[in-house]
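Beneath this line is the structure, given in structure tokens, with notes to follow.
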Amino acid sequence: MSGKPIMVAGLLLAMSLCAGEPSLARSATALTPRQVLDIWEKDPRLGPFTRKVEVAFPEEVLEIAQSFLAKQRSGASERQLRAFVDAQTEALMDSHRYLLATAPDEKLVRYVTAAEQSEVILQSKDPALCAHPNDVTTENAGTFLALPQIDALLDAMTSGRDTPVQRAPASPTDFDAYRQSFLHLQVSKEVLDAAQNPKAPRDDKTQCELLIALLKAYEPLPPDVLGRLIGASVGTPPAK
């Protein structure tokens, strides 16, 4: 599992879906950033996610609300505001994913387990959602925001910040253990081909099964090995 954690990018639509809230459009000039967040948090579907991100990264979320107001007062359209908040929230989460590298082992085990559970839930609903877990839309946002991965991801990130664990880099032995674990799953030929040829085209069913297998392959590994492998996949802190 490399690059962004599965489902991170798409989940970041949550606050942008609130950007067109009518009460914001009517009274932007009179609102404070705190009041903007209060309105976002009252959304029945997206409010819980907004609150969780705010608890994890309060200063950064307040800055997003402040920038949102500046954009709105400058005459930005609803579509532009949604795109702006989406981009800002994605940048916030993306800039903190390196924190997974220093999260305690037990937090990473919980995160990977929750990510696999989330993919299985999506598979049961629609293989396309499972295959493309970052493709969140207004219509399916409720499904994504109810997944168990969200809490586990934010918990791992904040733990990596507040109680960081220093671990050695992943070794060739660690990578080989993961590879052997994956092969031991005895996945279909289509899934194996997709794993060996990441850029090759595949249907949603195969992609979905691949993502689940990539997560499941972590299960037998010792927590310290899992931790080193996750650390290798999420990169380093951004330059100051």
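If you're wondering where the values come from, they're calculated on a predicted model, not measured in any experiment. By convention here, the first residue in the shown sequence is residue 1. Computed over heavy atoms, backbone and side chain alike; hydrogens, waters and symmetry mates excluded.
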Discussion item. How long is the straight-line distance from OG of S118 back to CD of Q123, given to the nearest 0.5 Å?
Written reply: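 Answer rounded to 0.5 Å: 12.5 Å.
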Item to complete: Step by step, work out the salt bridge (charged side-chain N to carboxylate O under 4.0 Å, His left out) result for D151 and R110.
Response: CA-CA 10 Å; D151 286 337; R110 176 177 176 245; 5.1 Å; no
Worksheet item: How does the hydrophobic cluster around V120 look, that is, which other residues are in it when side-chain heavy atoms under 4.5 Å mark a link?
Response: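 Under the 4.5 Å side-chain rule, V120 groups with I212.
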Discussion item. Whether the side chain of Y218 engages the backbone of V225 through a donor-acceptor N/O pair (distance < 3.5 Å, no angle test) should be reported.
Written reply: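 No, because the side chain of Y218 does not come within donor-acceptor range (under 3.5 Å) of the backbone of V225.
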Worksheet item: Taking NZ, NE, NH1 and NH2 as the nitrogens, is one of them in E41 or R34 under 4.0 Å from a carboxylate oxygen of the other?
Response: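 Yes.
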Practice prompt. Would you check if there is a donor-acceptor pair between the side chains of Q207 and H132 at a distance under 3.5 Å?
Written response: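 Their side chains do not contain a donor-acceptor pair, so the 3.5 Å distance test is not met.
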Discussion item. Side chains of T206 and D203 only: does a donor on one sit below 3.5 Å from an acceptor on the other?
Written reply: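 D203 and T206 do have a side-chain donor-acceptor pair below 3.5 Å.
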Item to complete: Assess the pair F68 and F84: is the distance between their ring centroids shorter than 6.0 Å?
Response: no
Is there a path of hydrophobic side-chain contacts, each under 4.5 Å between heavy atoms of I, L, V, M, F, W or Y residues, that connects [X] with [Y]?
| X | Y | result |
| --- | --- | --- |
| M157 | V165 | no |
| V55 | L99 | no |
| L185 | F175 | yes |

Item to complete: List in chain and number order the residues that pass salt bridge (Lys or Arg N to Asp or Glu O under 4.0 Å) with D224, two or more places apart in sequence or in another chain; answer none if no residue qualifies.
Response: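 By the salt bridge (Lys or Arg N to Asp or Glu O under 4.0 Å) rule, D224 matches R228.
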Worksheet item: In this structure, which one of T163, D155, T158 forms a side chain to side chain donor-acceptor pair (under 3.5 Å) with K107?
Response: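 By the side chain to side chain donor-acceptor pair (under 3.5 Å) criterion, K107 pairs with just one of T163, D155, T158: D155.
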